[in-house]
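The next block holds one structure in the form of structure tokens; read it before the comments.
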Amino acid sequence: MYKTEILVVGGGPAGLAAALAAAEQGAEVTLADRNSDLGGQLVKQTHMFFGSKGQYASERGISIAKILKEKAAATGKIRILTGATVTGYYEDKKVTIEAGDKFFPVEPQRVIFATGAQENTLIFPGCDLPGIYGAGAVQTLMNLHGVKPGNRVAMVGAGNIGVIVSYQLLQAGVEVAAIIEAAPRIGGYYVHAAKVRRLGVPILTSHTVIKAHGNHCLEKITIAELDEKRQVMAGSERDLEVDVLCVSVGLSPLAELLFQAGCRMGYVPELGGFVPFRDDCLETSVAGIYVAGDAAGIGEASAAMVQGRIAGLAAAASLGYGKDTFLEKVTEAGRELTGLHGGPTGEKIRTGLAKLTLLAKEAV
Amino acid sequence: MLSKTGVPTREQVESVKPDRERLARGPVAVIECFQQIPCDPCYTACSRGAIQPFADINDLPRIDFGKCNGCGLCVAYCPGLAVFVVDETYSETEALVRIPWEFLNRPEAGQKAPGLNREGKEVALVTVKRVQPSPSKNGAYILWLAVPKELAFEVRSIPVK
Ligand SMILES: Cc1cc2nc3c(=O)[nH]c(=O)nc-3n(C[C@H](O)[C@H](O)[C@H](O)COP(=O)(O)OP(=O)(O)OC[C@H]3O[C@@H](n4cnc5c(N)ncnc54)[C@H](O)[C@@H]3O)c2cc1C
Ligand code: SF4
Ligand code: SF4
């Protein structure tokens with residue numbers, strides 16, 4: 001039987017940071033990721049990151065992935081399993097992993113779920129035409145595999161992902177016809193919006209896509225303006241000729257394994273969907289199971305890394321590792337997290353966390 | 001409006017502009033960052049202490065134009081590509097505007113290009129004076145554009161192609 005002190009599921013920024021923090025405290029860690037390389041979302045993020053020095057601000061996402069991987073390797077205490085999908089969590093507290101042609105159970109003493117999130121889709125007539133992708137999928141195609149998705153793109157969604165992927169499309173030599181956003185305001189950071197705008201990309205707030213047209217693949221879309229009640233304004237319909245439509249309308253936490261493990265969950269739209277109740281150290285309602293990153297609620301890599309660090313420190317401390325430094329380190333991390341979530345752009349997350357706390361109290 | 005279109009208002013642009021006197025003394029950073037976001041690398045990049053310490057990481061950057069010498073480090077490290085260096089002393093008729101550039105197709109020094117404003121509209125013909133590898137050594141460049149002096153606070157890009 002494969003035994004490990006701490007199993008970290010998912011090797012994105014949250015999982016890497018969790019594994020690192022736990023290993024640095026002296027714990028023995030296994031880090032499993034279903035992808036062939038660690039880094040999660042970071043491996044396709046070619047833009048410079050926000051945040052502060054402690055979270056590698058100004059570095060490109062791809063460089064942050066590299067730094068974290070090197071640090072993880074340097075500890076000598078983390079067993080890394082790539083191409084390894086965690087498929088289930090069982091009543092006897094065993095976890096199963098599928099890796100290549102192998103399928104085996106693992107007996108961990110603690111588990112940290114850092115499985116990230118999946119993209120939401122949008123349903124409208126013609127939305128199944130080839131040429132319509134999730135924005136994250138287009139980012140993977142371009143930045144990971146070097147494949148140009150098309151020649152002229154429309155982006156649905158002006159959140160950070162929508163504006164950033166639009167910018168990366170421009171970098172790949174693709175024309176961006178417009179960014180279409182149903183809300184009356186841009187959801188992404190305005191500096192990101194400004195940098196695509198000054199390159200001539202129109203950002204159409206209070207607009208939506210109502211139909212996609214094409215015989216075998218996408219040829220054009222119909223867009224329309226929305227009134228204050230988000231109803232289509234009659235006569236505002238117009239066509240845009242595009243061969244790719246990117247949909248960037250939010251992410252949902254990947255929570256299946258948490259459900260399976262019996263963690264008590266709450267539905268909080270501000271955090272992206274179902275997320276587990278947890279304490280300040282990110283331990284869920286099931287003792288010994290922790291959560292971090294987008295799986296705990298959609299946020300940013302900077303916060304995901306801090307959460308990972310907290311969960312890693314706590315899991316290690318619960319096994320007796322690094323007890324003398326735990327309080328100091330976790331307090332510092334807590335302060336960083338409060339800072340990151342502190343400003344106006346963190347309001348949604350703060351509201352979501354407050355709701356979750358309330359739900360958890362009601363559930364007791 | 002910035003929140004609707006991605007284009008800052010005239011008032012916002014005016015609010016971050018150095019005064020005439022400072023502009024007459026040479027290159028200076030102009031920080032076009034108008035939203036409180038959790039971000040502070042402009043501050044950590046500046047070795048002259050011109051950008052004030054952030055009490056809260058969500059603060060807007062504040063710059064002491066008197067301490068700024070226009071070195072451009074903050075241009076290289078700002079992940080929002082929101083910092084520019086403007087030098088109105090460049091010549092009688094032209095100002096130099098430094099912009100960050102992250103595209104594979106780079107212009108060459110000496111080349112002319114359309115100058116785009118914050119809406120992406122062509123407002124002038126500018127000359128690329130220098131194509132400087134970014135001091136952040138992350139693959140980016142900084143373009144030094146000679147623009148008509150009256151457009152030093154208008155031109156913010158050139159086209160990608
Ligand atoms: C276009 C874009 C731009 C962004 N820009 C920024 C930015 O500028 N600054 C910022 O801070 N954040 C940014 N983010 C957000 C950031 O990328 C995410 O918040 C962050 O990656 C979340 O980290 P994570 O570790 O929780 O999840 P992920 O990075 O998604 O990693 C999860 C990992 O878990 C693995 N996994 C999932 N399920 C299993 C399983 N069952 N078994 C094994 N492995 C599994 C996945 O393969 C993946 O590697 C951006 C995101 C996108 C998409
Ligand atoms: S240009 Fe140089 S001196 Fe001026 S604020 Fe930026 S980093 Fe500081
Ligand atoms: S680094 Fe750029 S985006 Fe970040 S606070 Fe400074 S000016 Fe704004």
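First the proteins, then the strands, lettered A, B, ... as listed; each starts at 1. Everything numeric here is computed off the predicted structure, so don't read it as measured data. As a basis for the values below, the full set of heavy atoms in this structure was taken, side chains included, without hydrogen atoms, waters or symmetry mates.
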More than 12 heavy atoms from other groups under 6.0 Å of [atom1] on [X]:
| X | atom1 | answer |
| --- | --- | --- |
| B/Glu150 | CD | yes |
| A/Lys71 | NZ | no |
| A/Lys53 | NZ | no |
| A/Lys66 | NZ | no |
| B/Glu108 | CD | no |
| B/Arg62 | CZ | no |
| A/Asp280 | CG | no |
| A/Glu241 | CD | no |

Exam field: side chain [X] to backbone [Y], donor-acceptor pair closer than 3.5 Å:
| X | Y | value |
| --- | --- | --- |
| A/Arg197 | B/Glu119 | yes |
| B/Gln35 | A/Tyr190 | yes |
| B/Asn117 | A/Arg198 | no |
| A/Ser52 | B/Asp40 | no |
| A/Gln171 | B/Glu102 | yes |

Using a strict 4.0 Å threshold on nitrogen-to-oxygen distance, state whether B/Lys4 and A/Glu181 make a salt bridge.
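Result for this pair is no, no salt bridge flagged.
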Side chain proximity check, [X] to [Y], heavy atoms < 4.5 angstrom:
| X | Y | value |
| --- | --- | --- |
| A/Ile203 | B/Thr5 | no |
| A/Ile186 | B/Ser3 | no |
| A/Phe49 | B/Pro79 | no |
| B/Leu81 | A/Met48 | yes |
| B/Phe103 | A/Leu170 | yes |
| A/Thr345 | B/Pro38 | yes |

Under a 4.5 Å heavy-atom cutoff, which of A/Gly339, A/Ala172, A/Ala193 has the most pairs with chain B?
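Option with the top pair count is A/Gly339.
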Which heavy atom in A/Gly51 sits nearest to a heavy atom in B/Pro41, and how many Å separate them?
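That would be O-CD, 3.6 Å.
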Do you know the tightest heavy-atom contact between B/Asn58 and A/Gly343?
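Between these two residues, the closest heavy atoms are ND2-N, 2.8 Å.
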Could you tell me whether A/Tyr189 and B/Phe34 have their ring centroids closer than 6.0 angstrom?
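Not under 6.0 Å, so no.
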Could you look at [X] and say if it's the side chain, the backbone, both or neither that has a heavy atom under 4.5 Å from chain A?
| X | result |
| --- | --- |
| B/Ala76 | backbone |
| B/Glu122 | neither |
| B/Leu116 | side chain |

Measure distances from A/Arg60 to the heavy atoms of chain B and classify the residue's part below 4.5 Å as side chain, backbone, both or neither.
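Contact with chain B involves the side chain of A/Arg60 alone.
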Pairwise distance NZ(A/Lys195) to CD1(B/Ile99) - rounded to 0.5 angstrom
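Going from NZ on A/Lys195 over to CD1 on B/Ile99, the span is 13.0 Å.
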Most heavy-atom pairs under 4.5 angstrom with chain A, which of B/Phe54, B/Phe84, B/Tyr43?
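Result: the option with the highest number of such pairs is B/Phe84.
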Just so I understand: if I count every heavy-atom pair under 4.5 Å between each of B/Val160, B/Ile57, B/Ile37 and chain A, which residue has the most?
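Option with the greatest count: B/Ile37.
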